[in-house]
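Because the structure is a prediction, the values reported are computed rather than measured. Computation of the quantities below employed the complete heavy-atom set of this structure, encompassing side-chain atoms and omitting hydrogens, waters and symmetry-equivalent molecules. Protein chains get the first letters and strands the later ones, always in sequence-line order, with residue 1 at the start of each.
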Amino acid sequence: MAFLFELWRFLKVRKKFWLLPVFVMLGLFGGLMVLAHGSAIAPFIYTLF
Amino acid sequence: MFVLGISAFYHDSAAALVRDGIVVAAAQEERFTRVKHDPGFPENAIAYCLAEAEVALDAVDLVVFYDKPFLKFERLLETYIAFAPRGFASFRHAMPLWLREKLFLKDFLCKRLTDAFGAFDWKSKLLFSEHHLSHAASAFYPSPFDEAAVLTMDGVGEWCTTSAAVGCGADLKIEKEIHFPHSLGLLYSAFTYYLGFKVNSGEYKVMGLAPYGRPKYADVILDNLIDLKADGSFRLNLQYFEYCTGLTMTGRKFDALFGGPPRRPGEPLDQRHMDLAASIQVVTEEAVLRLTRALAKDTGLSNLCLAGGVALNCVANGRVRRDGAFKSLWIQPAAGDAGGALGAAFAGYHLYSGQARPPRTGSDDMAGAYLGPEFSQDEIERRLAAAGAVFQVLSVEETVKETARSLSQGMAVGWFQGRMEFGPRALGARSILADPRPRDTQRKLNLKVKYRESFRPFAPSILAERAEEWFESGAASPYMLVVDWLRGDRRHSPGPESDGLKGIELLNCTRSDIPAVTHLDYSARLHTVQGEVNPLFHALLSEFERLTGCPTLVNTSFNIRGEPIVCTPEDAFRCLMGTELDLLVIGNCYVLKTEQTVAPNTDYRNSFELD
């Protein structure tokens with residue numbers, strides 16, 4: 001949570017709100033990519049795609 | 001007030017501790033882990049800094065990391081978006097690391113610090129300084145100047161690749177920046193890659209190779225790769241570079257421009273490679289000179305401080321000094337990313353906490369860069385005995401006399417004294433020393449002791465008070481970061497033996513009174529030794545001069561190719577037994593190779609990855 005708050009403050013200070021969707025997409029896809037490395041989430045990825 | 005600075009997770013991790021504005025300790029992690037350019041969390045370096053200051057963990061008021069991860073991530077994302085869909089391969093490599101660790105650096109640092117040093121409220125004390133502000137702070141705050149212009153140049157930090165700042169008292173303000181992808185450091189690294197050396201480590205080999213060539217390609221570089229503006233700024237032509245999107249520095253267009261593919265590591269170096277090295281060196285010098293001249297004009301100041309990886313280019317530094325746009329020049333001895341730890345600590349102390357900076361007294365605050373671990377005589381004897389070394393214990397006077405005598409007889413000596421240096425240069429605390437007068441010293445040291453390329457030059461250490469008698473400027477160079485040129489009366493005109501020779505072959509000719517430390521262009525990366533900064537090394541040089549009439553010694557770092565500089569007596573003894581070093585002098589212990597009963601380590605050179 002603290003991370004998200006800091007990220008929001010960063011975007012605000014830098015006036016880079018256009019990066020927000022990029023962060024969200026990265027959070028979704030990147031998170032899955034990272035966690036998929038030999039983890040229990042792998043079956044869900046196969047289900048999803 | 002204690003401030004701990006940390007640099008990590010890129011290359012050359014380090015820690016530095018500042019107490020009330022004075023550096024107490026600073027060290028690179030590679031020296032402890034024995035992994036060259038170790039990028040990992042600098043747990044050992046932090047532990048050493050705290051132990052040196054004899055402080056408990058809760059006595060540290062601030063911990064400052066040397067760059068800002070969010071800002072760096074912003075640069076990565078914007079670059080990938082700007083070049084999409086090119087760059088996907090690089091994106092795929094970079095993202096997992098960022099999404100797993102680097103983006104959550106605050107939590108990661110807190111966890112590592114807590115794991116290593118116990119539960120503590122790190123979150124309220126952890127700060128992040130900008131990369132180039134850290135460099136600028138490392139250059140200005142310990143400098144001998146009350147007021148100075150500060151120029152930082154490196155590959156890239158967050159966005160910034162070059163910055164111009166002005167420091168006055170405790171204040172330091174960045175005035176101008178040049179942003180990624182336009183970078184002098186990355187331009188130099190592109191040629192480092194193209195010439196078959198490792199990026200972020202082989203740049204000094206390019207600099208060493210340059211005098212063997214002619215700058216035949218300088219105009220090609222200036223016409224196609226870099227646009228140098230009159231105000232000192234520059235733009236790179238990105239068509240020729242791959243670093244924004246690819247996993248290499250240069251691509252096919254670059255290859256076509258310079259007539260062939262990159263040299264593979266280990267392939268022979270030919271004249272074209274040397275000409276390319278000479279060309280990029282000349283262009284870099286020109287770019288740095290334009291920057292410093294513009295900065296002198298803009299600020300009207302007479303003092304200049306330098307930091308950032310490009311500031312380790314001592315040939316360019318020598319030209320800046322000779323150019324005279326600034327009256328005085330001071331360069332942070334740990335100008336690379338390791339020094340960012342020191343700068344981050346200073347930034348936390350002066351800029352964040354608003355602490356005053358005491359007026360300067362004429363000398364700098366780096367204590368000769370001797371900021372690392374040292375070992376007492378008792379501890380050295382105990383450790384050497386445990387390692388199975390056979391040694392004599394001498395008095396201090398005998399140590400100096402016997403070492404000087406051995407050097408004058410042609411021995412290669414490992415010299416291990418006092419606190420270890422902070423930064424990439426050995427300055428007489430962890431050095432390999434030799435007599436610079438014999439013609440074959442350079443070849444012998446390169447091939448039999450350091451196991452490195454035979455073209456690599458060696459640097460001289462000289463008594464500061466004798467420098468003018470041997471070198472053109474003779475100006476102080478306490479950190480071996482500025483080249484000087486050998487005086488004409490010390491040079492030898494090339495004899496008939498040089499006829500028809502070129503490039504590296506010319507090394508076989510005697511070019512001066514001290515050929516082992518004279519490069520082909522009569523330049524030398526000078527280290528001037530002052531008695532008040534390093535009395536023991538000064539005494540050794542004085543004794544060597546008394547014996548030989550020569551106040552100079554070859555001084556190269558105490559390591560072999562690919563190995564971090566030795567840190568402990570055990571490291572030094574291992575190096576003695578794994579190379580053709582003749583003698584090791586640690587504290588007052590005199591360790592002759594011929595007297596050792598331990599079997600030599602014949603596989604030593606293979607235990608380190610080539611740099």
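- No more than 12 heavy atoms of other residues, nucleotides or ligands lie within 6.0 Å of CZ in A:F5, so this atom counts as exposed by the packing criterion.
- Of the two parts of B:L71, the backbone and the side chain both hold a non-hydrogen atom closer than 4.5 Å to a non-hydrogen atom of chain A.
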Exercise for review: Before giving the answer on side-chain contact (heavy atoms from CB on, under 4.5 Å), spell out for A:V22 and B:Y80 the whole-Å C-alpha distance, their side-chain angles and the decisive distance to 0.1 Å.
Suggested key: CA-CA 11 Å; A:V22 181; B:Y80 287 132; over 6 Å; no
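- When all heavy atoms of B:F91 and A:L26 are compared, the pair lying nearest together is CZ-CD2, 3.7 Å.
- Residue A:R14 places its CZ atom among more than 12 non-hydrogen atoms of other residues, nucleotides or ligands, all under 6.0 Å distant.
- Neither the backbone nor the side chain of B:K68 has a heavy atom closer than 4.5 Å to any heavy atom of chain A.
- We find the NZ-CG distance between A:K16 and B:L77 to be 10.0 Å, quoted to the nearest 0.5 Å.
- Using bins of under 30°, 30° to 60° and over 60° for the plane-to-plane angle, the ring pair A:F3/B:F70 lands in the perpendicular bin.
- B:E78 places a side-chain heavy atom less than 4.5 Å from the side chain of A:W18.
- Interface remark: A:L11 contributes no atoms to any contact with chain B (heavy atom separation under 4.5 Å).
- In this structure, B:E609 places its CD atom where only 12 or fewer heavy-atom neighbours from other residues, nucleotides or ligands lie under 6.0 Å away.
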